[in-house]
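Worksheet: the structure to be examined is printed underneath.
Counting starts at 1 for both ligands and their atoms, in listed order.
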Amino acid sequence: MSEPLAKLTKNEVIKAENPSLVGNIGVTLHDPEVDMFDADDQQFLKFHGIYQQDDRDLRKQGKKYMFMIRGRIPGGVVSPDVYLTYDRLSEEYGNKTLRVTTRQSFQFHGVVKSGLGSLMKGINDALSDTLAACGDVNRNVLAPPTPSTSHLTHQVYQDAKSVSEALLPTTKAYHQIWVEGQPLKLEQDDHEDPLYGKTYLPRKFKVAFVIPPLNDVDVLANCMGFVAIEKNGKLIGYNLTAGGGMGMNHNNENTYPRVADVVGFFKPENLIEVSKAVLTVHRDFGDRTDRKHARLKYVIAEQGVEWFRQQVNERAGSTLENPRPFEFTKQGDVHGWHEQYDGNLFLGLHVLSGRVKDTDQVRLKSALRKIVTEYRIEVRLTAAQNIVLTNITPDQRAAIDGVFAEHGVDTSQKQGVSEVQLGSMACPALPTCGLSLAESERYLPDLLGAVENLLDENGLGDERIILRMTGCPNGCARPYMAELGFVGRSPKKYAVYLGGNEEGTRLAWLYDQNVKVEEFPEKLGGLFSRFKSEREGDERFGDYCTRVLWPEQNAT
Ligand code: SRM
């Protein structure tokens with residue numbers, strides 16, 4: 001007897017009934033009596049770049065609904081006008097902060113429903129948008145943000161933009177609801193997207209471009225990656241990588257983080273066909289019966305890379321060649337002032353957890369507003385939650401430095417903070433994220449202080465360690481690629497992962513399932529002390545942990 005067919009998830013059923021992604025959003029938006037959207041609309045809103053949240057600090061007093069809005073900003077490139085619009089909208093409708101995300105975007109937090117329409121209109125009026133920033137579609141496309149690293153940066157950025165455009169859903173509802181302000185309601189919805197069909201993807205889909213040797217986008221954590229290959233200074237094509245992803249659940253072995261496979265090489269003119277081919281493999285083979293098991297990484301892990309390569313070849317109408325050799329040497333951003341390949345300058349600014357805000361001591365948000373207004377500087381967001389100001393002429397440097405100094409912002413290469421802080425990331429977690437099990441962004445400063453003290457006590461001074469923290473196992477700050485990763489399990493309890501590498505090519509291993517925050521000094525202190533005495537030469541912490549704690553694993 002054949003197995004009964006597994007049931008489709010609820011999301012699949014509602015997508016099939018509403019392929020335009022309209023739902024009741026337009027009507028509810030214009031109803032001043034309600035402060036929230038219903039459960040189905042919350043799913044459609046994601047495709048529009050919007051998450052309904054509530055302030056978890058205030059739950060005891062009843063739910064206070066608010067919205068998180070995420071921009072679609074391919075390659076993290078933000079023009080001066082768009083930057084100033086985002087800045088203004090965050091002051092008028094949000095919680096007065098802008099949040100640089102781990103996918104080179106900006107998020108607004110704390111927007112209440114009465115301000116949602118105006119904020120969305122404002123974003124679109126500035127010729128930016130939020131379409132497909134979330135939902136079961138291709139998300140924000142990553143590209144190397146730092147202009148000095150390679151003369152290929154601009155070309156690769158253009159390719160990232162093209163892929164982002166080519167993989168956009170075609171529904172007109174986004175424009176009708178947020179730009180035209182229509183209280184849209186469809187009696188019958190027969191929209192069928194040429195790429196996504198009626199039910200879109202089984203789950204989210206993520207793409208990144210990278211230019212070796214710098215892996216500044218964690219390319220192997222993406223569903224689909226493009227590794228630029230050059231010859232004599234010219235882009236000759238890309239190596240396709242596929243099947244990376246971080247999301248997992250504690251105690252569910254069917255879910256796991258995975259580093260992407262390198263699948264094959266193709267020429268730049270085949271980029272869009274190859275992109276669509278990979279996306280449609282996910283569309284057609286991803287698991288629509290279990291959203292926890294629906295990512296492309298599981299399709300590739302279960303069907304094999306050879307099967308996947310053949311699927312891509314058939315769908316793209318071309319044949320992937322053998323991958324070309326490449327090497328990553330490091331990840332992360334450069335800070336302080338640097339020269340670009342064209343003689344202009346760029347300035348890398350570390351932003352703790354990506355939160356652009358003013359505090360009493362450091363008024364980063366005001367400084368950026370003043371500089372972008374006066375000097376019309378382009379802002380770039382990095383996948384490590386930092387900011388790069390680009391195309392600064394040498395004669396502007398002193399004045400810009402002056403503005404930052406007035407606002408308490410350090411523009412030196414060290415940025416006035418420890419190396420471990422420079423290499424840190426944390427997801428937002430509480431109070432905005434509905435999924436978080438423990439603190440992350442709000443706890444990071446304390447954790448960094450404790451780690452800095454422990455390093456000091458163990459004679460490790462200003463050691464460089466990639467430290468990442470998340471409030472749950474979904475992996476939003478990519479903790480499973482960190483040298484030292486903390487993953488929330490419950491309030492004040494974290495799973496600790498060790499052993500990621502600087503190149504961003506190796507997953508960290510679970511070291512301890514359940515560590516209470518008060519146990520950190522003892523556990524981490526012990527590790528640092530062993531590291532100090534047993535490290536080989538200038539071996540990094542992640543490499544040391546892999547060599548000593550998991551000797552049976554291949555350390556590369
Ligand atoms: Fe994420 C869900 C924040 C990058 C894996 N992520 C969420 C939500 C929207 C919670 C929710 O579904 O209600 C979080 C909102 C928090 C808040 O209050 O803002 C959230 N994710 C973030 C951001 C803001 C973290 C950050 O510190 O910057 C990042 C926004 C990126 C962007 O601009 O598009 C963010 N999320 C990631 C990444 C990293 C990446 O893409 O490189 C991952 C791991 C890579 C991957 O996708 O495998 C990631 N987020 C998830 C998952 C797990 C998906 C899975 O495979 O199971 C969820 C949960 C879900 O989708 O149901 C999630």
Side-chain angles (χ1 to χ4, degrees), residues 9 11 42-43 45-46 49-56 66-74 76 94-95 97-111 130 132-142 164 202-208 217-225 243-249 252 254-260 286-287 290-298 351-355 381-386 424-436 440-442 444 468-481 487 504:
T9 61
N11 288 61
Q42 286 172 40
Q43 298 306 319
L45 277 170
K46 293 183 186 175
I50 302 167
Y51 281 84
Q52 181 166 302
Q53 304 183 317
D54 70 287
D55 187 332
R56 292 182 59 183
M66 56 189 192
F67 297 85
M68 178 270 274
I69 296 93
R70 186 184 286 163
R72 181 178 70 93
I73 307 179
N95 67 356
T97 73
L98 279 172
R99 177 57 158 66
V100 185
T101 74
T102 54
R103 296 196 68 78
Q104 296 183 289
S105 184
F106 267 138
Q107 281 186 183
F108 300 87
H109 283 114
V111 177
T130 64
C134 323
D136 297 342
V137 278
N138 175 49
R139 304 289 188 89
N140 201 40
V141 177
L142 304 184
S164 177
R203 207 65 167 80
K204 59 182 80 170
F205 185 79
K206 297 185 169 178
V207 183
V217 295
D218 264 339
V219 67
L220 301 179
N222 285 265
C223 305
M224 172 163 86
M246 297 282 98
M248 58 163 267
N249 292 85
N252 178 352
N254 290 331
T255 65
Y256 45 84
R258 186 173 190 274
V259 166
D287 186 348
D290 178 0
R291 285 180 70 79
K292 303 232 172 283
H293 183 256
R295 302 293 299 273
L296 178 65
K297 65 182 175 184
Y298 300 119
V351 185
L352 184 60
S353 302
R355 189 68 67 176
L381 313 178
T382 84
Q385 301 177 325
N386 293 315
S424 69
M425 294 207 282
C427 70
L430 294 162
T432 55
C433 181
L435 303 179
S436 77
S440 181
E441 182 181 330
R442 292 198 296 198
L444 184 67
R468 296 175 179 175
M469 171 166 253
T470 54
C472 80
N474 282 313
C476 297
R478 301 185 290 270
Y480 312 115
M481 307 291 288
V487 176

contact_flag [X] ligand 1 heavy-atom lt 4.0 Å:
{"X": "Asn140", "value": "no"}
{"X": "Lys204", "value": "yes"}
{"X": "Ala208", "value": "no"}
{"X": "Met248", "value": "no"}
{"X": "Gln53", "value": "yes"}

pair [X]-[Y]: side-chain heavy atoms closer than 4.5 Å:
{"X": "Met425", "Y": "Thr102", "answer": "yes"}
{"X": "Arg203", "Y": "Arg291", "answer": "yes"}
{"X": "Gln385", "Y": "Arg99", "answer": "yes"}
{"X": "Pro431", "Y": "Arg442", "answer": "yes"}
{"X": "Phe108", "Y": "Leu98", "answer": "yes"}

If you look at every heavy atom in [X] and [Y], which pair is closest and at what distance?
{"X": "Ile73", "Y": "Leu381", "value": "CD1-CD1, 4.2 Å"}
{"X": "Arg139", "Y": "Ala133", "value": "CD-O, 3.3 Å"}
{"X": "Cys427", "Y": "Gly471", "value": "SG-N, 3.3 Å"}

Suppose we measure from [atom] to each protein heavy atom; which comes out shortest, and what is that distance?
{"atom": "atom 42 (O) of ligand 1", "result": "Arg478 NH1, 2.6 Å"}
{"atom": "atom 11 (C) of ligand 1", "result": "Leu435 CD1, 3.5 Å"}
{"atom": "atom 53 (C) of ligand 1", "result": "Asn474 OD1, 3.2 Å"}
{"atom": "atom 29 (C) of ligand 1", "result": "Thr102 OG1, 3.4 Å"}
{"atom": "atom 6 (N) of ligand 1", "result": "Cys476 SG, 3.1 Å"}
{"atom": "atom 15 (C) of ligand 1", "result": "Met68 CE, 3.8 Å"}
{"atom": "atom 27 (O) of ligand 1", "result": "Gln385 NE2, 2.9 Å"}

Can you measure from CG (Asn474) to CE (Met248) and round to the nearest 0.5 angstrom?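 One gets 9.5 Å once the value is rounded to the nearest 0.5 Å.
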Kindly compute the distance separating CZ (Arg72) from CG (Asn140), expressed to the nearest 0.5 Å.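 Between atom CZ of Arg72 and atom CG of Asn140 there are 8.0 Å.
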Under 3.5 Å between any N/O of Thr432 and any N/O of ligand 1: does that happen in this structure?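 Right, the criterion is met.
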Taking distance alone, with N or O pairs closer than 3.5 Å, would you say Arg99 contacts ligand 1?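 Between Arg99 and ligand 1, an N or O pair is found under 3.5 Å apart.
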Part of Thr101 with heavy atoms under 4.0 Å of ligand 1, whether side chain, backbone, both or neither: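 Near ligand 1, Thr101 shows its backbone as well as its side chain.
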Heavy atoms only, cut-off 4.0 Å: how does Ala426 contact ligand 1, side chain, backbone, both, or neither?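 Just the backbone.
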Judged by atom type as modelled, is there a donor-acceptor pair below 3.5 Å linking the side chain of Tyr480 to the main-chain atoms of Pro473?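 At least one qualifying donor-acceptor pair exists.
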Would you say the side-chain atoms of Arg103 pair up with the backbone N or O of Val207, donor to acceptor, closer than 3.5 Å?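 Flag set: sc Arg103 to bb Val207 pair under 3.5 Å.
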With heavy atoms of [X] as the reference, note each atom of ligand 1 found under 4.0 Å away.
{"X": "Ser105", "value": "33 (O)"}
{"X": "His109", "value": "17 (C), 18 (O), 19 (O)"}
{"X": "Cys433", "value": "10 (C), 14 (C), 16 (C), 18 (O)"}
{"X": "Gly245", "value": "48 (O)"}

Is it the case that Asn95 and Thr97 place a side-chain donor and acceptor less than 3.5 Å from each other?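 Yes, side-chain donor-acceptor contact under 3.5 Å.
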For Thr101 and Arg70, does a side-chain donor sit closer than 3.5 Å to a side-chain acceptor?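 Note: Thr101 and Arg70 side chains miss the donor-acceptor criterion.
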I'd like the name of whichever of [options] reaches closest to [atom] through any heavy atom.
{"atom": "atom 44 (C) of ligand 1", "options": "Pro473, Gly135, Gly475", "answer": "Gly475"}
{"atom": "atom 46 (C) of ligand 1", "options": "Gln107, Arg355, Arg295", "answer": "Arg295"}
{"atom": "atom 43 (C) of ligand 1", "options": "Met246, Lys206, Gln42", "answer": "Lys206"}
{"atom": "atom 30 (C) of ligand 1", "options": "Arg291, Arg139, Arg103, Arg70", "answer": "Arg70"}
{"atom": "atom 57 (O) of ligand 1", "options": "Lys292, Met469, Glu441, Arg203", "answer": "Arg203"}

Anything under 30° is parallel, anything over 60° is perpendicular, the rest tilted; go ahead and classify His293 against Tyr298.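 Taking Tyr298 first and then His293, their aromatic rings lie parallel (interplane angle under 30°).
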Is there an N/O/S atom in Cys427 at a distance below 2.8 Å from atom 1 (Fe) of ligand 1?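 Given the 2.8 Å cut-off, Cys427 does not count as a ligand of atom 1 (Fe) of ligand 1.
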